[in-house]
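First comes the structure, then the notes that go with it.
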Amino acid sequence: MSGSEDRKLILALDVYERERALEIAECTADYLWAVKVNWPLIVGSGLSIITELKQVTGLPIIADLKLADIPNTNRLIASKVFEAGADYIIAHGFPGSDSVGAVMELGKTIIVVEMSHPGAKEFIQPATDKLIELANELEPFGVIAPATRPERVSYIRSKLKPGIKILTPGVGAQGGRAGEVLKAGADYIIVGRSIYASENPRESARMLYEETLGV
Ligand code: O7M
């Protein structure tokens, strides 16, 4: 197993229950770069789950709130979430540079530039070029791009400033493939159901981790 700096797998821990979340995170931690916490877990277990997950795994925690509000509200939410121990917060880019900037002033930020589901073609994909420009201007830690469309990941990589990471959800349950999307230019893959809903989450994480090696 490599050091955490070589790992490319992020666990999307979309379960409600605190105990289950801690158990899955603990048994898969050896293969992860980070744990992503989204609304299902926060509404199910409370914000303190971020602090607990950090303690149990020792890994970076990404708070996937997809913030999309005015700067003041984004700031009010983000400050509490960083205080709880989140290392990164995910924000939507479409509310504009002031809204995203309010989050970036408080900590490391990841901007959504395209999504993985079919409906992303309706509104988000037509705005992707503008969202990439926004990311190039603000230089966040990273952007979200769809593992379900490796050709879009290549496109986004070609337009994005070097150094800005690409994180890609959609591997496994949504049909994306780890090797393919990493070859297309993704730095990290985000995987939920294929790990937490499998019979053996540790083994599923191990297999995905193996798949990311040497790509
Ligand atoms: O592997 P899954 O499909 O069970 O879970 C994927 C996770 O990634 C889940 O937490 C989604 O909310 C999230 N996600 C997408 O699936 N598609 C996107 O376009 C964006 C995200 C995401 O992480 O946004 C930051």
Side-chain angles (χ1 to χ4, degrees), residues 8-16 20-21 24-25 28 31-45 49-50 53 60-68 74 77-78 81 86-95 99-100 103 108-128 131-132 134-135 140-153 155-156 164-178 180-182 184 186-199 201 204-205 207-209 211-212:
K8 297 171 183 164
L9 178 59
I10 299 169
L11 171 64
L13 196 47
D14 297 331
V15 299
Y16 291 127
R20 187 166 169 231
I24 295 168
T28 55
Y31 303 110
L32 308 176
W33 173 69
V35 177
K36 185 176 81 70
V37 174
N38 197 342
W39 286 108
L41 184 53
I42 295 177
V43 297
S45 300
I49 192 69
I50 290 179
L53 281 168
I61 306 295
I62 302 174
D64 178 11
L65 304 170
K66 295 193 187 69
L67 289 178
N74 270 2
I77 299 168
V81 174
D87 298 277
Y88 303 86
I89 290 183
I90 300 179
H92 268 300
F94 64 77
S99 291
V100 179
V103 183
K108 287 180 272 191
T109 305
I110 297 160
I111 302 175
V112 180
V113 299
E114 192 164 321
M115 295 186 75
S116 60
H117 60 310
K121 288 191 174 168
E122 294 170 23
F123 301 108
I124 297 221
Q125 201 183 80
T128 295
L131 294 167
I132 294 169
L134 177 79
F141 169 79
V143 300
I144 297 289
T148 48
R149 295 184 206 97
E151 73 287 357
R152 293 295 295 166
V153 174
Y155 175 78
I156 292 164
I164 302 177
K165 307 285 188 201
I166 300 183
L167 295 77
T168 53
V171 167
Q174 296 179 54
R177 293 211 293 267
E180 207 176 328
V181 74
L182 288 166
D187 296 285
Y188 300 101
I189 52 165
I190 297 174
V191 184
R193 284 165 286 181
S194 295
I195 297 176
Y196 70 74
S198 81
E199 269 184 26
S204 303
M207 282 165 63
L208 277 156
Y209 164 80
E211 236 182 293
T212 67

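Keep in mind that this is a model prediction, so the values were computed, not measured. Ligands are counted one by one from 1 in listed order, and the atoms in each one are counted from 1 as well.
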- Task: Taking ring-ring contact (aromatic ring centres under 6.0 Å, His included) as the test, write out the residues that go with Phe94, two or more places apart.
- Result: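 Only His92 meet the ring-ring contact (aromatic ring centres under 6.0 Å, His included) criterion with Phe94.
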- Item | Atom of Pro169, atom of Ser116 and distance for their closest heavy-atom approach |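 Smallest heavy-atom distance, with atoms named: O-CB, 3.7 Å.
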- Message: For a quick test of reading the model, state the closest non-hydrogen atom pair linking Pro150 to Glu180 and the distance between them.
- Response: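 Pro150 and Glu180 have their closest heavy atoms at CG-OE2, 3.5 Å.
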Which atoms from ligand 1 have a heavy atom of [X] less than 4.0 Å away?
| X | result |
| --- | --- |
| Ile90 | 25 (C) |
| Arg193 | 1 (O), 2 (P), 3 (O), 4 (O) |
| Ala12 | 7 (C), 10 (O) |
| Ile144 | 20 (C), 25 (C) |
| Asn38 | 10 (O), 12 (O) |
| Ser116 | 15 (C), 16 (O), 17 (N), 18 (C), 19 (O) |
| Lys66 | 12 (O), 20 (C), 21 (C), 22 (C), 24 (O), 25 (C) |

- Query: What is the closest protein heavy atom to atom 6 (C) of ligand 1, and at what distance does it sit?
  - Reply: Gln174 NE2, 3.7 Å
- Hey, looking at atom 1 (O) of ligand 1, which of Gly192, Pro40, Ala197 has the closest heavy atom?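 Comparing heavy atoms across Gly192, Pro40, Ala197, the nearest one to atom 1 (O) of ligand 1 lies in Gly192.
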Donor-acceptor pair, [X] side chain versus [Y] backbone, under 3.5 Å?
| X | Y | result |
| --- | --- | --- |
| Asn74 | Ser99 | yes |
| Thr168 | Pro146 | no |
| Arg149 | Gly176 | no |

- Query: Side-chain donor-acceptor pair under 3.5 Å between Thr128 and Glu114, yes or no?
  - Reply: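 Per modelled atom types, Thr128 and Glu114 side chains form a pair under 3.5 Å.
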- Return a yes/no value for Asp14: is any of its N or O atoms, backbone included, closer than 3.5 angstrom to an N or O of ligand 1?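 Yes, at least one N or O pair falls under 3.5 Å.
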- Message: Is it the case that ligand 1 has an N or O less than 3.5 angstrom from some N or O of His117?
- Response: no
- Message: Using side-chain heavy atoms (C-beta onward) and a distance below 4.5 Å, is Leu9 in contact with Trp33?
- Response: no
- Query: With a 4.0 Å cut-off on heavy atoms, is Lys36 touching ligand 1?
  - Reply: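 Yes, Lys36 has heavy atoms under 4.0 Å from ligand 1.
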